[in-house]
Amino acid sequence: MAIAMGWQKPDNVAGSSAPAIMVGLFVATGGILFGYDTGAINGILAMKSFRDNFTTGFINDEGMPAISPSQVSLIVAMLSAGTAVGALLAAPVGDMYGRRRSLIGAVLVFCVGAIFQVCATNIAMLVAGRTVAGVGVGTVSVLVPLYQSEMAPKWIRGTLVCAYQLSITVGLLAAAVVNILTHDIPSAAAYRIPMGLQLTWACVLALGLLILPETPRYLIKRGYKEAAALSLSRLRRLDITHPALVEELAEIDANHEYEMALGSDTYRDVFFGEPHLGRRTLTGCCLQMLQQLTGVNFIMYYGTTFFKGANITDPFKITLIMQVINTVSTLPGLVVVESWGRRRLLIVGAIGMAVCQLLIASYATANGTNNESVQSHLLIIFVAIYIFFFAASWGPVVWVVTSEIYPLKVRAKSMSISTASNWILNFGIAYATPYMVGTHGSTGGSVDLGSRVFFVWGAFCLLAVAFVWCMVYETSKISLEQIDEMYERVDHAWNSRNFEPSWSFQQMRDFGYSESGVPSTEPQLELQPSRTSSTSTSQTDTGVSATTTSQDDKLVSSLGHVDLSY
């Protein structure tokens, strides 16, 4: 499968990657929950039956019953408020109950919120349902990339995490299709069918998670070394005593011991711990916020109503086209995220988005109300190109970087904080957009920027280019454990692409280095490159000595040049 799609497992990697790839792709479908919900509300807000049933007396510019801008903001934004809460809850829950069981719980919470939405007969109940569903979505948004990064082989880790964003786009596309099929239904079924269908995949995902393994890194973190060996054995299709599996597990364990020796795993260490945890947390939070400030959710939440306000005929069809582009354009990102690397893809994507947005805003400003037909066509064309650049870069790669850069001891906490910053910005943008753009007529207090709002998003895209150059380290093709070494040895992000791991944490432990990482004073104890297997005598995490007998030494040497770090 990997070969057919353009990725091939390196010849020197032991075992099979197929189980880990299949598990990673299945878990990635958790993104459908958020994507579908976002896409559904986009179309539902523009449905006549929804406006007629939920209006509280507000009349739009066309003299028709509608939902007021403040109510629209509340309906859309409360999902994001719930997701921010869910993201913060993901860390303590994920560390206490495990990544897998916490994911199951989050999906069930989402189902409760979805049921509330389907049964809603007024705005208050609808908002309550979206808030509860948001808590589930927020928890999923932390735990899915966390689960994927902790169980995936390093050579395809970025691609698997990118698949989470692909699932979000699939959810958006599915919602657009359903909205087109139901929006002309004159009864409440027009919006209740799209709301109810989101329960289907949530149930499939929850059932599938029941049979998946827990991540080996989480089990090591909790001290369950035998369970970690069994989990890794399932994911790599290697016997529990295979030297490659023993070596990988020992490296994960030794790295975790080294991290804990530098400090505890409290929330304080997220900001002040070593090595450079504060810098890493700042990087993750700013990346997640800048992802929102590219303006993508302006299109995803309000695209249908914005295109309608821009005098574009059949906005539902245009929205569907945009979602097809969004889904298809994610695939190039999956293909090149490993070969191009995270930094280059983010920089190219931000430049492309900035150019498209500034062109849209400049033309709209220069022409005013003239040439509205030309403006509409240019708007559609450049929004489509903008979505291509976002979907191929900032959409998936931000989740990849924030799932990789944190050490195991605080990974869940750091990811929850950075993801919460995404949802907080998401909430702010979702709430403020109707007032900024004036997409609903008679907006009272709206600044009515219209297409000029793209000046705002374009400026933030230019800021994103500078931020990535200065702060984002290149994390492709190295293991999660080796990323710690990179942050210790590489002072500037723009030099990180040339980083080569020189040692492993298992070697530090085996050669007698202190827990704090200070080298031994004995000159004969020198670390060897991490790409060669250590042959020192040590007790492995499975309780089996890796090199205690000459027979085992021969077995290891017979492997040749095998990359034992994932």
Side-chain angles (χ1 to χ4, degrees), residues 1-3 7-27 98-100 147-157 160 208-257 408 478-482 501 504-507 509-510 528 530-566:
M1 179 187 68
I3 295 174
W7 304 281
Q8 184 172 3
K9 187 185 77 168
D11 294 334
N12 62 340
V13 172
S16 171
S17 298
I21 292 173
M22 297 305 296
V23 169
L25 291 176
F26 178 78
V27 172
R99 314 329 189 192
R100 183 183 66 89
Y147 185 99
Q148 291 174 304
S149 66
E150 288 191 348
M151 48 68 63
K154 67 181 181 182
W155 64 273
I156 201 170
R157 185 179 65 234
L160 288 182
L209 285 166
L210 291 173
I211 62 173
L212 296 186
E214 183 55 83
T215 72
R217 285 178 170 86
Y218 169 75
L219 294 169
I220 286 290
K221 176 181 173 68
R222 295 303 300 267
Y224 306 137
K225 297 182 181 181
E226 291 185 3
L230 290 170
S231 174
L232 197 61
S233 176
R234 287 181 62 185
L235 292 170
R236 303 289 185 258
R237 280 189 187 166
L238 290 172
D239 187 86
I240 198 170
T241 60
H242 192 284
L245 187 141
V246 169
E247 189 84 3
E248 180 183 1
L249 202 64
E251 172 67 1
I252 296 171
D253 186 33
N255 172 239
H256 181 57
E257 289 181 5
L408 176 60
I478 59 176
S479 72
L480 295 179
E481 286 66 44
Q482 291 164 344
S504 74
F505 291 97
Q506 186 196 357
Q507 288 173 329
R509 183 173 65 179
D510 292 346
Q528 302 300 315
S530 62
R531 301 191 185 278
T532 60
S533 168
S534 169
T535 57
S536 62
T537 303
S538 63
Q539 192 73 12
T540 70
D541 297 317
T542 59
V544 179
S545 177
T547 56
T548 52
T549 67
S550 58
Q551 182 179 0
D552 288 336
D553 287 336
K554 293 177 182 177
L555 179 60
V556 173
S557 63
S558 68
L559 290 173
H561 178 53
V562 177
D563 188 347
L564 299 174
S565 65
Y566 285 71

Q: Measure the CD1-CG distance between Ile156 and Leu25 for me, rounded to the nearest 0.5 Å.
A: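 It comes to 7.5 Å.
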Q: Hey, what do you get for CZ (Arg217) to CG (Leu249), rounding to the nearest 0.5 Å?
A: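 One finds 9.5 Å between CZ of Arg217 and CG of Leu249.
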Q: From Glu214 CD over to Leu235 CG, what is the distance, rounded to the nearest 0.5 angstrom?
A: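 Glu214 CD to Leu235 CG: 10.5 Å, rounded to 0.5 Å.
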Q: Mind checking what makes side-chain contact (heavy atoms from CB on, under 4.5 Å) contact with Arg234, not counting sequence neighbours?
A: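 side-chain contact (heavy atoms from CB on, under 4.5 Å) list for Arg234, sorted by chain: Pro213.
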Q: Ignoring hydrogens, what is the shortest heavy-atom contact between Val27 and Leu209? Give both atom names and the distance.
A: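 Closest approach of Val27 to Leu209: CG2-CD2, 4.2 Å.
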Q: As an exercise, state the distance from CD of Glu257 to CD1 of Ile252, rounded to the nearest 0.5 Å.
A: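 Output value for this atom pair is 12.5 Å.
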Q: Look only at the side chain of Arg100 and the backbone of Leu210, and say whether a donor-acceptor pair between them is shorter than 3.5 Å.
A: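 Yes, because the side chain of Arg100 sits within donor-acceptor range (under 3.5 Å) of the backbone of Leu210.
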Q: Please report the shortest heavy-atom distance between Leu160 and Gln148, naming the atom on each side.
A: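 Answer, listing the atom of Leu160 first, then Gln148: O-NE2, 2.8 Å.
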Q: For Leu230, give me all partners under side-chain contact (heavy atoms from CB on, under 4.5 Å), at least two apart in sequence or on another chain.
A: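 Testing Leu230 for side-chain contact (heavy atoms from CB on, under 4.5 Å), a comparison that skips the adjacent residues, returns Ile240.
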Q: If you define the side chain from C-beta out and look only at heavy atoms, does anything of Pro153 sit under 4.5 Å from Arg236?
A: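 A side-chain contact exists here, since the closest heavy-atom pair is under 4.5 Å.
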Q: Within a strict 4.5 Å, meaning less than it, do heavy atoms of the Ile220 and Lys225 side chains meet?
A: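 When only atoms from C-beta onward are counted, Lys225 and Ile220 do touch, with a gap below 4.5 Å.
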Q: Hey, is the main chain of Pro216 close enough, under 3.5 Å, to the side chain of Glu150 for a donor-acceptor pair?
A: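 Side chain of Glu150 to backbone of Pro216: no pair is present.
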Q: Using every non-hydrogen atom in the two residues, find where Leu219 and Ser231 come nearest and quote the distance to one decimal.
A: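 Looking at all heavy atoms of both residues, the closest pair is CD1-CB, 3.9 Å.
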Q: Does Tyr147 reach the main-chain N or O of Arg99 with its side chain, forming a donor-acceptor pair under 3.5 Å?
A: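 Not confirmed, Tyr147 side chain does not pair with Arg99 backbone.
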Q: Is there a donor-acceptor contact under 3.5 Å from the side chain of Arg157 to the main chain of Ile478?
A: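 Flag set: sc Arg157 to bb Ile478 pair under 3.5 Å.
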Q: Quick one: OG1 on Thr215 to NZ on Lys221, what's the gap to the nearest 0.5 Å?
A: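 Rounded to the nearest 0.5 Å, the OG1-NZ separation comes to 10.5 Å.
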